[in-house]
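What follows is one structure encoded as structure tokens, with my remarks underneath.
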Amino acid sequence: MTANIINGKSISEDIRGNIAEEVQRLAKKGFCPGLAVVLVGEDPASQVYVRNKEKACHDLGFYSEVHRIPESSSEEEVLALVDKLNRQDNIHGILVQLPLPKDIDEKAVLNAIAVEKDVDGFHPINVGNLVIGDDSLLPCTPAGVIELIRRTGIDMAGKHAVVIGRSNIVGKPVSLLLQRENATVTMCHSRTSNMKELTQMADILVVAIGRAKMIDASYIKPGSVVIDVGMNRLDNGKLAGDVDYDSAKEVAGYITPVPGGVGPMTITMLMKNTLLASKRLGGLD
Ligand code: GUN
């Protein structure tokens, strides 16, 4: 049996279509969601990500501002910019692209973003609300992972989900969101001793470890849902996930490809968060 492919690109396009329609409805009321992106320095990967966010804003009819400031900027300058954006009425979402230059305290900057404009979902108050199950802006990649699983039509309730990786931006929030869907969640990480035993019991397997093709067919329960958050550049220049796709797809029931799986969902969820934040701030929800 070959797995069904979970097509993140087409799911993403579907969601973006719905977002664009809603933006048009809001435009008739004279309202436009606005996103500000702050890029400090010239990291090449960050420049690509920021351009993609700018393009998504343009395509979906959002107002956008991109603040590209030099690598040499001080922490005070970045904080002053965040403060200005916090006060700006036409900006409903603020994203500071990470990583920041090493002399700038990332936590101090993320904590300075107004909670209701924190469309990355990285502010400790949004993280805390996620932990206790209160309403919050959800981190984009984890929210995208859950949406991809939902689109398989498989009910997560009562399923055994195994998450590999315990990062603050993927593994931990994914595990919380899976629990919110009533899955039973096991966390694995680099120090887990019996990882294969655990993953072989997973009805849902989410992999976010950052090691190319580490999870092959031998880790996978037949018929399960496999979500690959990995994005690794191979020596030959090609992209590969953390899952060995060619062998895994012969065992899994559903699987995300890389590229074209989780990747496209991250910006889509960012746009969804910005729309939500704008409606809340504008008193429109
Ligand atoms: N750098 C890489 N991924 C992300 C992300 O999701 N948000 C931000 N702010 N920076 C990133």
Side-chain angles (χ1 to χ4, degrees), residues 8 12 15-16 34-57 62 64-69 71 73 75 78-79 81-82 85-86 91-102 104-127 130 136-148 165-174 176-177 206-210 227-233 239 241-242 258-259 261-277:
S12 199
I15 298 170
R16 287 188 194 202
L35 174 69
V37 178
V38 177
L39 173 60
V40 188
E42 276 149 29
D43 177 72
S46 292
Q47 285 179 332
V48 174
Y49 294 142
V50 168
R51 264 202 306 278
N52 289 341
K53 287 164 188 164
E54 202 173 8
K55 183 174 182 304
C57 283
F62 286 57
S64 80
E65 283 182 11
V66 178
H67 296 264
R68 292 180 172 84
I69 61 173
E71 180 93 19
S73 304
E75 188 174 313
V78 179
L79 289 172
L81 175 56
V82 168
L85 295 168
N86 281 342
I91 293 297
H92 310 100
I94 301 170
L95 182 142
V96 177
Q97 188 66 30
L98 303 177
L100 286 168
K102 62 178 183 340
I104 298 178
D105 180 357
E106 207 159 273
K107 261 192 197 161
V109 173
L110 295 180
N111 293 4
I113 296 173
V115 175
E116 58 281 6
K117 295 189 180 187
D118 169 39
V119 285
D120 251 334
F122 291 168
H123 191 288
I125 291 183
N126 277 322
V127 176
L130 171 60
S136 64
L137 288 165
L138 300 177
C140 303
T141 301
V145 167
I146 297 299
E147 186 61 26
L148 290 177
R166 53 179 160 177
S167 71
N168 288 336
I169 58 172
V170 183
K172 281 182 201 162
V174 164
L176 291 163
L177 290 172
V206 179
V207 190
I209 33 178
I227 307 289
D228 186 355
V229 189
M231 182 76 84
N232 309 284
R233 183 74 62 185
L239 281 179
D242 294 344
V258 177
V262 174
M265 295 296 285
T266 299
I267 294 186
T268 298
M269 294 325 229
L270 171 69
M271 304 313 290
K272 199 172 164 194
N273 269 353
T274 305
L275 176 61
L276 177 66

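Heads up: numbering here begins at 1 and tracks the sequence. Both counts, for ligands and for their atoms, begin at 1 and track the order of listing.
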Checklist line | NZ/NE/NH1/NH2 to OD/OE distance under 4.0 Å, Glu71 and Lys102 | finding: no

Where [X] and [Y] come nearest, the two heavy atoms and their spacing:
X      : Y      : result
Ala143 : Leu177 : N-CD1, 3.9 Å
Leu95  : Leu270 : CD1-CD1, 3.7 Å
Val82  : Ala112 : CG1-O, 3.6 Å
Pro139 : Leu130 : CD-CD2, 4.2 Å

Pairs under 3.5 angstrom, nitrogen or oxygen on both sides, ligand 1 versus protein: list them out, please.
{"residue": "ligand 1", "atom": "1 (N)", "partner": "Gln97", "partner atom": "NE2", "Å": "3.1"}
{"residue": "ligand 1", "atom": "1 (N)", "partner": "Leu98", "partner atom": "O", "Å": "2.9"}
{"residue": "ligand 1", "atom": "7 (N)", "partner": "Asp120", "partner atom": "OD1", "Å": "3.1"}
{"residue": "ligand 1", "atom": "7 (N)", "partner": "Asp120", "partner atom": "OD2", "Å": "3.3"}
{"residue": "ligand 1", "atom": "9 (N)", "partner": "Val96", "partner atom": "O", "Å": "2.8"}
{"residue": "ligand 1", "atom": "9 (N)", "partner": "Asp120", "partner atom": "OD2", "Å": "2.6"}
{"residue": "ligand 1", "atom": "10 (N)", "partner": "Leu98", "partner atom": "N", "Å": "3.0"}

Notebook entry, point to check: Can a donor-acceptor pair be found between the side chains of Asn168 and Lys172 at a distance below 3.5 Å?
Noted result: yes

